[in-house]
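One structure is given below, encoded as structure tokens.
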There are 2 protein chains.
Amino acid sequence: MPYLNRAVPDPEPMDCRILTAGLTLFVENGYHNVSVHDVQRKANVSIGSIYKHFGGKEGIAKKLYYHLLNEIDELINQAIKDKTTIREKSEEIIRLIFTYTETERNIIAFIFQPNHQDFLPDEPPICSASPFRRLREIIREGMDDGEIREMSTEVAASAIFGVAIRMVQLRLDGIVENPLPTYLDEVFDACWNGILINNDESINQETEDLVAQL
Amino acid sequence: MPYLNRAVPDPEPMDCRILTAGLTLFVENGYHNVSVHDVQRKANVSIGSIYKHFGGKEGIAKKLYYHLLNEIDELINQAIKDKTTIREKSEEIIRLIFTYTETERNIIAFIFQPNHQDFLPDEPPICSASPFRRLREIIREGMDDGEIREMSTEVAASAIFGVAIRMVQLRLDGIVENPLPTYLDEVFDACWNGILINNDESINQETEDLVAQL
DNA sequence: TTGACAAAAATGAACATTCATTCTATAAAT
DNA sequence: ATTTATAGAATGAATGTTCATTTTTGTCAA
């Protein structure tokens, strides 16, 4: 069983083995390019067991999806519970996502890469799932508290977490070559302060003007 | 044939009809949930014609993919050719993407939603395709010219276009409720100036401190 | 500890279905 | 007349699913 919080039990029980095999294969080949037989072979279990435990291929995907969303949910809630400012909270969340992109690639790839509605047609889009809603809530709080400028929640959330998510996708696709944590400060700086050339000069200019007036 | 630049010819020739039908079905149901027969039925052509023209299902997808990437490429090059600053260029590009998300939903969805390697396994990831590379080049120029702060190209590109792309995805998933162009200024402002609360106060504070020292 | 029995779990061959592709026949164009 | 384009029934490989059988696990009496 692929965990973000707990350690994987040893020996891994059958249903965990099936989920682990499914995750790996789905990420490597894409859900639709993986047959139940592939999973069965990789997990070293029989076809029957898969149908007994999960009712079929979609059952595996669904269980994985719920489980991993829940893992991420717990992770986020745990990470921000003793942070006070939105800045600290979002920085910690991005740090976690970046770290796990390196250490638990498959889990992050399964959540961030595919269009889940392709294989879980009855699920709402992942952006409306709990952890993603949570991100927007955090941003919302930040605006209510005056820590963040007033703007649409979606725009603000995209401006912070959208950048991070984009970096994750670029990393998973091999465009970004260094481990993501390397970029943490840069990403965060770009989100909060914008990407304009540092406006120290303009500030100094304003100051000089003001002093001259005195 | 789904075009961004040209008008669709009328009557639509057979290969165009096939591509249009494919695009619609792929976006609505996901590539793997569409059979060649579905496309054939929707396009009002025979199975044979599809194999004659495209060699099969993957041929349709590949042709669509190349064609649409090319359309976007042309669009971008055309849009920025008489803009001078990076700011103007990127603003125009985002404006175009936002506009077409509303008017040519299927095209934008086909390019931005799926993980193309699921059905075009021999293609490099879309982020390394021409239009996306182009976006990073533009940002790179901006840094070389001193218009943008010095940072990793990928971070800067994510900070500008990643936010826009995220907004597109949220819009396609129905999370964002208003037409994207509504958010243009907000998005752009957030990218360039960051999302911090307007730092006029801190500037004033600095100025006052300085004045006090004199 | 051993052996008998029942319940639960696991197995995998067999089955059913879907679907990409082929191929031959027909129509249209040159 | 010959080439080219279109049609669609037929094919068969791939793959999701079932179920009768086997194996394992747990329980309890001797």
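Predicted model only: the values in this text are computed from it and were never measured. In what follows, every chain begins at residue 1, and chains take the letters A, B, ... in the order their sequences are listed.
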Query - side chain to side chain contact (heavy atoms under 4.5 Å, CB included) involving B:Asp145 - partner list, sequence neighbours excluded - result: none

Can a salt bridge be assigned to the pair [X] and [Y] using a cut-off of 4.0 Å between side-chain N and carboxylate O?
{"X": "B:Asp38", "Y": "B:Lys42", "result": "no"}
{"X": "A:Arg149", "Y": "B:Asp189", "result": "yes"}
{"X": "B:Arg95", "Y": "B:Glu92", "result": "yes"}
{"X": "B:Glu137", "Y": "B:Arg134", "result": "yes"}

How many Å lie between [atom1] on [X] and [atom2] on [N], as a whole number?
{"X": "B:Phe54", "N": "C:dT22", "atom1": "CZ", "atom2": "C1'", "result": "19 Å"}
{"X": "A:Arg41", "N": "C:dA10", "atom1": "CZ", "atom2": "P", "result": "20 Å"}
{"X": "A:Met14", "N": "C:dA8", "atom1": "CE", "atom2": "P", "result": "17 Å"}
{"X": "B:Arg17", "N": "D:dT6", "atom1": "CZ", "atom2": "C1'", "result": "11 Å"}
{"X": "B:Ile50", "N": "D:dA5", "atom1": "CD1", "atom2": "P", "result": "16 Å"}
{"X": "B:Lys52", "N": "D:dT4", "atom1": "NZ", "atom2": "P", "result": "8 Å"}
{"X": "B:Tyr51", "N": "C:dT22", "atom1": "OH", "atom2": "P", "result": "7 Å"}
{"X": "A:His53", "N": "C:dA9", "atom1": "NE2", "atom2": "P", "result": "8 Å"}

Query raised in the report: Hey, are the side chains of A:Phe132 and B:Asp173 touching, using non-hydrogen atoms and a 4.5 Å cut-off?
Result: no

Could you list all N or O pairs between the protein and nucleotides 8-15 of chain D that sit under 3.5 Å apart?
{"unit_1": "D:dG8", "atom_1": "O6", "unit_2": "B:Gly48", "atom_2": "N", "d": "3.4"}

